[in-house]
Amino acid sequence: MKAYFDRMYQNINIYDNNISVMSNEFLSPIANSAPTFYKFFITDTLKNMTPNVIELSFTPRTKGDMLFEGKIYITMDGNYAVQKAAFGVNKNINLNFVRGLEIALDFEKNTDGRYYLSKSNLIADFGISKNKGMGFTGERSVSYDQYKTNVEIPDTVFSGKKLEVLEGAKQRTNDFWAQNRLDSIPQQQLKIYSNIDTLQKLPSFRRTVKLVTFVFAGYWDFGPYEVGPTNTFYSFNNVEGFRLRLGGRSTPALSKRFYFENYAAYGFKDEKWKFFLSGTYSLNNKSIYKFPQNYIRASFQRDTKIPGQELQFVQEDNFLLSFKRGVNDMLLYNDFYRLDYVKEFENRFSYNVGFKKWSQTPAGGLFYNDASSNSFINRLTTTELSVGFRYAKNEKFYQGKIYRIPIIDRYPIYNLKYTAGIKGFFGGEYNYHNIMASVDKRFYLSQLGFSDVRVEGGYIAGKVPFPLLSVHRANQTYAYQLNSYNLMNFLEFVSDRYAAINIDHNFNGFFLNKIPLLSKLKLREIVSFKAIYGGLRDENNPEKNNDGIYKLPSYENGTQRTYSLNKEPYMEGSVGLGNIFKVLRVDLVKRFNYLDHPEVAEWGIRARVKLDF
């Protein structure tokens with residue numbers, strides 16, 4: 001909630017066609033298309049002001065749409081400038097957790113004859129329920145003065161950090177701020193600071209926070225060490241059977257430089273122990289779970305993994321993800337030796353450099369067979385050096401206990417990763433080069449909602465067996481995964497080159513808001529489309545070359561299980577309803593092609609839990 005609340009700290013420019021508030025785009029009442037969505041009324045003429053001002057009231061034509069309601073005051077001096085604005089949202093709006101929102105803007109005429117913003121005030125009241133129950137209120141007030149116009153600004157002003165805090169600003173006394181603020185703070189508002197400090201020291205409050213953290217974040221804090229995450233304590237699969245896991249990590253209470261993480265797991269069917277050990281050294285004396293990160297980490301992991309399953313913001317042995325459709329008997333036993341360096345910068349550019357030795361052993365229904373001799377291969381070892389770059393302009397996120405979850409905005413996110421496999425280095429068996437790049441961007445379409453678009457591509461140079469190819473992200477769980485193919489089977493497709501596009505569009509209730517009775521449910525319409533096209537060069541295709549590579553996996557009856565995408569792109573799409581009970585999204589997914597493959601489903605229903613405004 002705090003991270004979303006920080007979005008209030010942005011300028012609200014009524015002259016923009018769309019105004020971003022609480023992660024949603026609201027159409028401005030003076031946008032070009034405003035008369036299509038707003039109703040306007042001249043409600044007063046203020047002749048006691050110079051110049052005279054017209055009070056123009058506006059309200060949404062459809063109460064549930066992402067629109068404001070309120071008043072703007074227009075000058076009658078021929079400029080028709082906005083001198084004042086007071087607006088908010090109505091109680092029927094399709095906006096979660098916001099009980100009330102009030103925005104007040106004041107403009108003053110400058111020496112150049114133009115009106116500039118002199119004061120901006122925003123008050124938001126948050127709560128689980130729209131009408132009753134506990135919640136909290138936030139207010140953001142900013143005053144502006146001493147505008148300078150027609151002054152040339154040197155380029156050096158725009159270099160460095162976007163926001164610079166003067167040295168000693170945080171040590172200013174209350175008397176200093178009382179004398180220098182353009183506006184005063186009411187006495188009752190000042191009492192809030194001391195009340196909050198007192199609240200956080202109460203033992204009952206601290207116990208409540210600890211319990212809530214354990215339930216929702218999955219960790220129980222013992223001071224220097226915390227145990228979790230809870231959703232991984234128990235899981236199951238066809239190879240390991242009933243699986244128990246227990247672990248945790250150190251906290252800054254132990255050390256601000258050194259961090260340790262570990263867990264141990266045991267499968268009662270395969271009767272094997274799995275474990276993970278890591279040590280991290282923070283180079284900037286900050287927690288490695290805070291921005292900006294600058295650390296070096298060494299780790300060893302012996303555990304299982306499903307080929308081609310890539311999860312976001314959840315652990316792979318999450319209990320709820322133990323429930324899978326279709327045949328799910330392919331698993332890898334892995335030994336990972338890793339050394340990673342991560343460096344982040346204030347401008348949201350980051351890079352990482354890594355070393356990884358990976359030894360993998362197939363298990364269950366997965367076998368590695370040499371394509372030329374058909375002999376069984378028990379273990380495959382690779383050694384990799386990698387470097388990755390990421391840039392996310394103006395990115396905001398909230399830092400969870402396990403993952404940093406971005407708050408998506410209009411700015412694109414760029415990723416580029418290069419990996420080199422080195423034969424003969426620490427036992428590596430193959431030479432290869434792997435390049436992957438992706439761009440993620442949200443496109444706002446005003447009242448028609450927004451589209452999240454991801455474009456991705458990859459290329460592998462070198463002759464390698466199928467486990468080292470790009471195993472496309474499949475999903476056999478019943479959870480809807482945004483960047484996976486939800487009706488693709490695990491290890492169904494592999495490629496040494498590919499290009500993909502994912503489009504996920506949310507209409508924000510644009511159509512359902514206009515249907516009587518149904519509009520009261522505050523549902524939101526969602527459509528998506530995903531496609532990936534790739535292929536295998538002859539040197540990596542066991543049907544055309546059997547020298548030094550493996551056969552593609554097959555079922556026990558000999559039916560082929562893994563394919564290339566040489567024929568046509570794999571495609572799937574979905575239609576869904578979001579915001580069910582404010583947290584649930586349910587999609588009806590359709591697979592468009594490759595329906596002749598065994599154990600595939602043309603249709604499926606998937607669900608996703610997501611808190612959002």
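For the single chain, residues carry numbers from 1 onward in sequence order.
- A side-chain donor-acceptor contact under 3.5 Å links Glu384 and Tyr432.
- The closest side-chain donor-acceptor pair between Lys551 and Asn374 falls under 3.5 angstrom.
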Is there a side chain to side chain contact (heavy atoms under 4.5 Å, CB included) between Lys417 and Val387 once you walk through the steps?
CA-CA 6 Å; Lys417 185 176 182 180; Val387 58; over 6 Å; no

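- Between Thr280 and Arg297, the side chains place a donor N or O and an acceptor N or O closer than 3.5 Å (distance only, hydrogens not considered).
- With Trp358 as reference, Phe336 is the one residue of Phe300, Phe336, Tyr430 to meet the ring pair (Phe, Tyr, Trp, His ring centres under 6.0 Å) rule.
- At a cut-off of 3.5 Å, with distance as the only test, no side-chain donor of Ser470 or Ser495 sits close to an acceptor on the other residue.
- A donor-acceptor contact closer than 3.5 angstrom links the side chains of Tyr333 and Asp270.
- Between Ser574 and Asp587, the side chains place a donor N or O and an acceptor N or O closer than 3.5 Å (distance only, hydrogens not considered).
- Considering Lys357, Arg302, Lys274, Lys356 in turn, Arg302 is the only one that fulfils the salt bridge (Lys or Arg N to Asp or Glu O under 4.0 Å) rule with Asp335.
- Ring to ring, Phe275 and Tyr263 are not that close: their centroids are 6.0 angstrom or more apart.
- Checked against the 6.0 Å centroid criterion, the rings of Tyr391 and Phe389 do not qualify as a close aromatic pair.
- Checked against a 6.0 Å centroid threshold, the rings of Tyr259 and Tyr281 do not count as neighbours.
- Between Glu344 and Arg390 there is no salt bridge, since no side-chain N of the basic residue sits under 4.0 Å from a carboxylate O of the acidic one.
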When the side chains of residues 599-607 are checked against the rest of the protein, which donor-acceptor pairs come out under 3.5 Å, sequence neighbours left out?
unit_1: Glu602; atom_1: OE2; unit_2: Lys590; atom_2: NZ; d: 2.5
unit_1: Arg606; atom_1: NE; unit_2: Thr477; atom_2: O; d: 3.3

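- A salt bridge links Asp329 to Arg561: at least one charged side-chain nitrogen sits closer than 4.0 Å to a carboxylate oxygen.
- In this structure, Arg404 satisfies the cation-pi test against Phe397, with its NZ or CZ atom closer than 6.0 Å to the six-membered ring centre and inside 45 degrees of the ring normal.
- Pairs of residues two or more places apart, or lying in two chains, that qualify as salt bridge (charged side-chain N to carboxylate O under 4.0 Å, His left out) and include a residue from residues 479-504 are Glu492-Arg591, Asp496-Arg537, Asp504-Arg585.
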Check step by step if side chain to side chain contact (heavy atoms under 4.5 Å, CB included) holds for Tyr485 and Val589.
CA-CA 10 Å; Tyr485 301 94; Val589 189; over 6 Å; no

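- Among Tyr533, Phe466, Tyr594, Tyr498, the one residue that satisfies the ring pair (Phe, Tyr, Trp, His ring centres under 6.0 Å) test with His472 is Tyr498.
- Ring pair His597/Phe493 is tilted by interplanar angle, where 30° to 60° counts as tilted.
- Between the side chains of Asn284 and Ser282, at least one donor-acceptor pair of N or O atoms lies under 3.5 Å.
- A side-chain donor from one of Tyr368 and Gln360 sits under 3.5 Å from a side-chain acceptor of the other.
- Side-chain atoms of Asn237 and Asn328 form no donor-acceptor pair, as typed in the model, at a separation below 3.5 Å.
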Given salt bridge (charged side-chain N to carboxylate O under 4.0 Å, His left out), test Asp303 with Arg243 step by step and report yes or no.
CA-CA 12 Å; Asp303 209 338; Arg243 171 184 165 118; 2.9 Å; yes

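- Classification of the Phe376-Phe367 ring pair by plane angle, with boundaries at 30° and 60°, yields perpendicular.
- Taking the six-membered ring for Trp and the full ring otherwise, Phe426 and Phe355 have centroids separated by under 6.0 Å.
- Here the CG-CG distance, from Leu380 to Leu332, works out to 9.5 Å after rounding to the nearest 0.5 Å.
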